[in-house]
Asker: 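The following block contains the structure, expressed as structure tokens.
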Amino acid sequence: MNSFLDSLWEKIATGLIALGNGFDAVVTLFHFLGPVAIIFLLAILTVLITKGLNRIIITKRYVQLEKEFKHWYHIRREAMACGDLEKGKAMAKNIDQAKLNKAYYDYFFESLLLGLARSAMPILLMVVYINEYFRPERLTALFGRNYIFKFNSSSDEPVLMGVVFWYIISLLIVYLTWFIIKKCYRRLKKNDPLAIDPTSEKA
């Protein structure tokens with residue numbers, strides 16, 4: 001058993017090394033852009049990967065838990081809408097204790113695990129890659145400096161921005177831009193005068 005696990009781990013490690021070397025070869029093609037642009041492009045790639053995984057990785061358990069949570073949440077709202085306020089509160093409390101609380105926690109933890117797989121892991125792996133590929137000595141050898149940005153400060157020593165910090169900032173910029181574009185697109189689509197409501201057409 002131990003020999004099998006050792007052999008399996010060696011194959012996984014070999015595969016990861018080969019994958020990393022292949023990715024290095026692709027990144028090398030963009031060296032002419034400089035480290036700032038390369039890391040920003042890697043941030044864009046990370047966001048695209050996480051968005052893609054959000055569409056692909058959806059477990060049956062997650063769908064079922066989401067359906068169950070929404071079902072009991074809807075029933076709770078109907079109970080609170082009861083004409084008798086005190087009776088509605090009592091019914092809602094019973095629903096919380098009997099079903100809704102458990103449904104919520106199961107749904108929350110399943111969402112958390114999926115979030116780790118779909119978003120946290122790709123970002124963490126990219127951070128590890130960037131930290132290794134653009135380590136200071138290699139950054140100096142490739143681009144002639146061991147930092148991304150340099151800022152003057154009141155002290156004698158300038159403030160240097162490293163690769164990981166710039167990657168995190170790039171991620172925030174890309175995610176924010178994605179959110180703004182998506183919101184603007186929905187607003188334009190909603191206000192599009194050419195949009196035809198099929199329910200308004202007469203047969």
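All of these numbers come straight from a predicted model, not from anything done at the bench. These values consider heavy atoms only, across backbone and side chains, with no hydrogens, waters or symmetry-generated copies.
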Asker: Do Leu176 and Leu172 land in one hydrophobic cluster if side-chain heavy atoms of ILVMFWY residues count as linked below 4.5 Å?
Answerer: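 No, it is not one cluster - the side chains of Leu176 and Leu172 are not joined through contacts under 4.5 Å.
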
Asker: Evaluate the side-chain proximity of Glu66 to Ser111: yes if any heavy-atom separation is below 4.5 Å, no if none is.
Answerer: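 Counting from C-beta outward, Ser111 and Glu66 never come under 4.5 Å.
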
Asker: Does Ile130 share a hydrophobic cluster with Leu160, counting links as ILVMFWY side-chain heavy atoms below 4.5 Å and allowing steps through other members?
Answerer: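 Ile130 does not cluster with Leu160.
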
Asker: Same cluster for Ile168 and Val128 if Ile/Leu/Val/Met/Phe/Trp/Tyr side chains link at under 4.5 Å?
Answerer: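 In one cluster with Ile168: Val128, no.
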
Asker: If the condition is side chain to side chain donor-acceptor pair (under 3.5 Å), which residues does Glu132 pass it with, not counting sequence neighbours?
Answerer: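 Applying side chain to side chain donor-acceptor pair (under 3.5 Å) to Glu132 gives Arg135.
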
Asker: Apply salt bridge (Lys or Arg N to Asp or Glu O under 4.0 Å) to Lys150 and list each qualifying residue two or more places apart in sequence or on a separate chain.
Answerer: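 Once residues adjacent in sequence are excluded, Lys150 has no partner under the salt bridge (Lys or Arg N to Asp or Glu O under 4.0 Å) criterion.
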
Asker: Just verifying a value: how many Å separate Ile38 CD1 and Leu142 CG, rounded to the nearest 0.5 Å?
Answerer: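 These two atoms lie 8.5 Å from each other.
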
Asker: Show the nearest heavy-atom pair for residues Pro122 and Ile49, with the distance to one decimal.
Answerer: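 Heavy atoms of Pro122 and Ile49 come nearest at CB-CG2, 4.2 Å.
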
Asker: Establish, from distance only, whether the side-chain atoms of Tyr175 and Thr50 form a donor-acceptor pair under 3.5 Å.
Answerer: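 A pair is found: one side chain offers a donor N or O, the other an acceptor, under 3.5 Å apart.
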
Asker: Is it true that Leu29 and Met126 fall in one hydrophobic cluster, defined by side-chain heavy atoms closer than 4.5 Å?
Answerer: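 Per the 4.5 Å side-chain linkage, Leu29 and Met126 are co-clustered.
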
Asker: Say you draw a straight line from OG1 of Thr140 to CG of Asn146; how long is it, rounded to the nearest 0.5 Å?
Answerer: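 Here the rounded value is 4.0 Å.
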
Asker: Only counting residues at least two apart or in another chain, list the ones meeting side chain to side chain donor-acceptor pair (under 3.5 Å) with Asn54.
Answerer: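 If we apply the side chain to side chain donor-acceptor pair (under 3.5 Å) test to Asn54, skipping adjacent residues, the hits are Arg118.
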
Asker: Please test Met121 against Leu53 for side-chain contact (heavy atoms from CB on, under 4.5 Å), starting from the C-alpha separation and ending with a verdict.
Answerer: CA-CA 11 Å; Met121 285 302 296; Leu53 291 178; over 6 Å; no

Asker: Going from CG on Leu42 to CZ on Phe30, what distance comes out if it is rounded to the nearest 0.5 angstrom?
Answerer: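 With rounding to 0.5 Å, CG (Leu42) is 9.5 Å from CZ (Phe30).
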
Asker: Can you list the residues that meet the side chain to side chain donor-acceptor pair (under 3.5 Å) rule with Asp24, with sequence neighbours excluded?
Answerer: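 With neighbours one apart ignored, the set is Tyr129.
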
Asker: Can you name the closest pair of heavy atoms from Asp106 and Leu65 and give their distance?
Answerer: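 Heavy atoms of Asp106 and Leu65 come nearest at O-CD1, 3.5 Å.
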
Asker: Can you tell me if CZ on Phe179 sees more than 12 non-hydrogen neighbours from other groups inside 6.0 Å?
Answerer: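 No.
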
Asker: To the nearest 0.5 Å, what is the distance between CG on Leu33 and CD1 on Ile39?
Answerer: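 If we round to the nearest 0.5 Å, Leu33:CG and Ile39:CD1 are 12.0 Å apart.
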
Asker: Got more than 12 heavy atoms from elsewhere within 6.0 Å of NZ, Lys67?
Answerer: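 Atom NZ in Lys67 is not crowded, with 12 or fewer foreign heavy atoms closer than 6.0 Å.
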
Asker: Out of curiosity, Ile57 CD1 to Tyr62 OH, how far, rounded to the nearest 0.5 Å?
Answerer: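 Result: 12.5 Å between the selected atoms.
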
Asker: Could you tell me which residues satisfy salt bridge (Lys or Arg N to Asp or Glu O under 4.0 Å) with Arg61, sequence neighbours excluded, listed by chain and number?
Answerer: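 With sequence neighbours excluded, Arg61 shows a salt bridge (Lys or Arg N to Asp or Glu O under 4.0 Å) to Glu110, given in chain and number order.
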
Asker: Determine, using the 4.5 Å side-chain heavy-atom cutoff (strictly less than), whether Phe108 and Leu114 are members of one ILVMFWY cluster.
Answerer: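 Same hydrophobic cluster.
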
Asker: What's the spacing between Tyr133 OH and Leu139 CG if we round to 0.5 Å?
Answerer: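 So the gap between those two atoms works out to 10.5 Å.
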
Asker: Can you tell me which residue pairs pass the ring pair (Phe, Tyr, Trp, His ring centres under 6.0 Å) test with a partner in residues 143-169, sequence neighbours excluded?
Answerer: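 Ring pair (Phe, Tyr, Trp, His ring centres under 6.0 Å) check on residues 143-169 returns His31-Phe143, Phe149-Trp166.
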
Asker: Test Ile173 against Phe40 for side-chain contact (heavy atoms from CB on, under 4.5 Å), laying out the working first.
Answerer: CA-CA 9 Å; Ile173 293 173; Phe40 193 82; 4.1 Å; yes

